[in-house]
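Below is one structure, written out as structure tokens, with a few remarks after it.
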There are 2 protein chains.
Amino acid sequence: MSTEVEQQAEHAHTTAWIASVLRARIAAGQLTPGSKLSEQSLSASLGVSRNTLRQAFTTLAGESIVTRIPNRGVFVAAPGVEEVREIYRVRRTIEPAAVLWGRPSTEELDAMEDIIRRARAARDAGSVPDMANANQAFHEAVVALTGSGSLRELMDRVLAEMRLVFHAMASAPDFHTYYVDRNAQLVKRLRAGENELAAAELREYLDAAEAELLAHLEGDAR
Amino acid sequence: MSTEVEQQAEHAHTTAWIASVLRARIAAGQLTPGSKLSEQSLSASLGVSRNTLRQAFTTLAGESIVTRIPNRGVFVAAPGVEEVREIYRVRRTIEPAAVLWGRPSTEELDAMEDIIRRARAARDAGSVPDMANANQAFHEAVVALTGSGSLRELMDRVLAEMRLVFHAMASAPDFHTYYVDRNAQLVKRLRAGENELAAAELREYLDAAEAELLAHLEGDAR
DNA sequence: GACGCAGGATTGTTCAACAATGTTTGGTGA
DNA sequence: TCACCAAACATTGTTGAACAATCCTGCGTC
């Protein structure tokens, strides 16, 4: 299990490179929420200076993937109930807005249906990670309807935090299977030009998802 | 013109401190868009190491207050036409959404009217900066209706970028006077519970503002 | 005037050191 | 035994200097 880095990016953006490595490891669940990221050991194992690692940390802290406690160190973010509520506050605002006021092109709609197909395939194959990825891609596509890169970035951050929530949970709930069909329904509404209906249904959908997640989370904490 | 720092924060978050200093200077227009932030001179004048200044830079770059060009340095962000469009893509999504689906308490509505009073006072006094501040506070209050800190942060960033746009313009247009009354109208609608109407009017409002800003910007570039 | 090429300046990264804070350990007294 | 306190230890925050890589400048050549 070598955690070494073979390819040292010659002389460019080492700090960004390190940040992306850590991001990937955290997203993959290799670095579990709440665990400490020691400057000493990480700088050693990644083969970079403590100083540049530090810079990568500030980047990740800015993305709230990582929590920095002064003189204590940085820790992989461990989102709890309040964070989940915040996540859904964001989603409940921008996703329905994107649906309501977006004018999706047929290409965008086709792409969304492609994603749904992928999700169905993953569901039938019983692959939870693939389903999670597809679901994530779908909601990213929804936000992309706004055409805004900033909103897309925000959604990315939020979805990354969602992944952390799942990683922090002892038992993963069957969270995605149920919503595949609702996504399909959403695209159908959009294709019919029924944006208001689509937005309303999406809001219900998000409410239900939040409630389910919160229930599971509180049952977990007990 | 002393740009020195008298109070050296003893041993706490020097990097955050430096970041906030730079943020303030940029917001105040003391550091104009496009100007270069030399590591050497800044670290000297701020009395911090080049290394910690660098960390502050990555923070500010994450907030896109500052643009980093590899091996060239960091520059105060100079938003142009495309950035303005992006700003309004964001605003046109989250502000009407906040208005449409937010359930403002009477305290929140009172606070918004307070802000409008301040804006009117500034208008009558002819103080453009105060008007800009009040306008900014108003739109922040709108987004605050979502209850989401992340959205509020995003709005902060966007409004900071707006300030940069104004700083980058040769001549400032009379941008705020006209919209004070529209803000007042918005609050009236909200108080009456006419959220849909309020959202629709706000979208028109934002469209008009964007168009005016873009026209002025393009006239400026010519 | 265009091109190419040293030379200088600036950024990217690393290292070693120290100050400040946190954590742990061990002892003391009740 | 337990609570409390203080000294060792470890870790983070910050600094300064050093070097490599890249960019910019000015000069000479054609």
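Numbered from 1 within each chain, the chains take letters A, B, ... in sequence-line order. Keep in mind it's a predicted model, so treat the numbers as computed, not measured.
With rounding to whole Å, A:F75 atom CZ is found 12 Å from C:dG22 atom P. Put simply, CG on A:L53 is 15 Å from C1' on C:dC15, counting in whole angstrom units. Computed from coordinates, the A:R68 CZ to D:dT11 P distance equals 17 Å when rounded to whole Å. Here the P atom of nucleotide C:dG22 and the CD1 atom of A:I69 are 11 Å apart, to the nearest Å. Rounded to an integer number of Å, the gap from A:I18 CD1 to C:dT13 P is 10 Å. Rounded to an integer number of Å, the gap from A:Q55 CD to D:dT14 P is 13 Å. Between B:H13 atom NE2 and C:dT21 atom P the separation is 10 Å, expressed in whole Å.
Checking C:dT13, C:dT21, D:dT14 against every side-chain atom of A:N71, the shortest atom distance belongs to C:dT21.
With rounding to the nearest 0.5 angstrom, the CD atom of A:E140 is 4.5 Å from the CZ atom of A:R152. Rounding to the nearest 0.5 Å places CZ of A:R23 at 11.5 Å from CD1 of A:I18.
DNA chain C is contacted by both A:N51 and A:R72; A:N51 maps to the nucleotide lying nearer its 5′ end (nearest heavy atom per residue). In terms of position along DNA chain C, the nucleotide closest to B:P70 lies nearer the 5' end than the nucleotide closest to the other residue of the pair B:P70 and A:R50.
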Quiz item: Run the salt bridge (Lys or Arg N to Asp or Glu O under 4.0 Å) check on A:E210 and A:R91 step by step: do they pass?
Solution: CA-CA 10 Å; A:E210 179 187 17; A:R91 296 188 61 176; over 6 Å; no

Self-check item: CA sep, side-chain torsions, deciding dist, call: B:D207, B:Y88, side-chain hydrogen bond (donor to acceptor under 3.5 Å, both in side chains)
Solution: CA-CA 8 Å; B:D207 282 337; B:Y88 277 93; over 6 Å; no

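Near DNA chain C, meaning a heavy atom under 4.0 Å away, the residues from residues 31-40 of chain B are B:K36, B:S38, B:E39, B:Q40.
Under the side-chain contact (heavy atoms from CB on, under 4.5 Å) test applied with A:F57, the options A:T52, A:T15, A:L42 reduce to a single match, A:L42.
In this structure, A:S35 contributes its side chain and A:L31 its backbone to no donor-acceptor pair below 3.5 Å. For B:R68 (side chain) and B:V74 (main-chain N/O), no donor-acceptor pair under 3.5 Å exists by modelled atom type.
At D:dT14, one or more side-chain N or O atoms of B:T14 fall inside 4.0 Å of OP1 or OP2 (strictly under the cut-off). The side chain of B:T52 places an N or O atom within less than 4.0 Å of a non-bridging phosphate oxygen (OP1 or OP2) of D:dT15.
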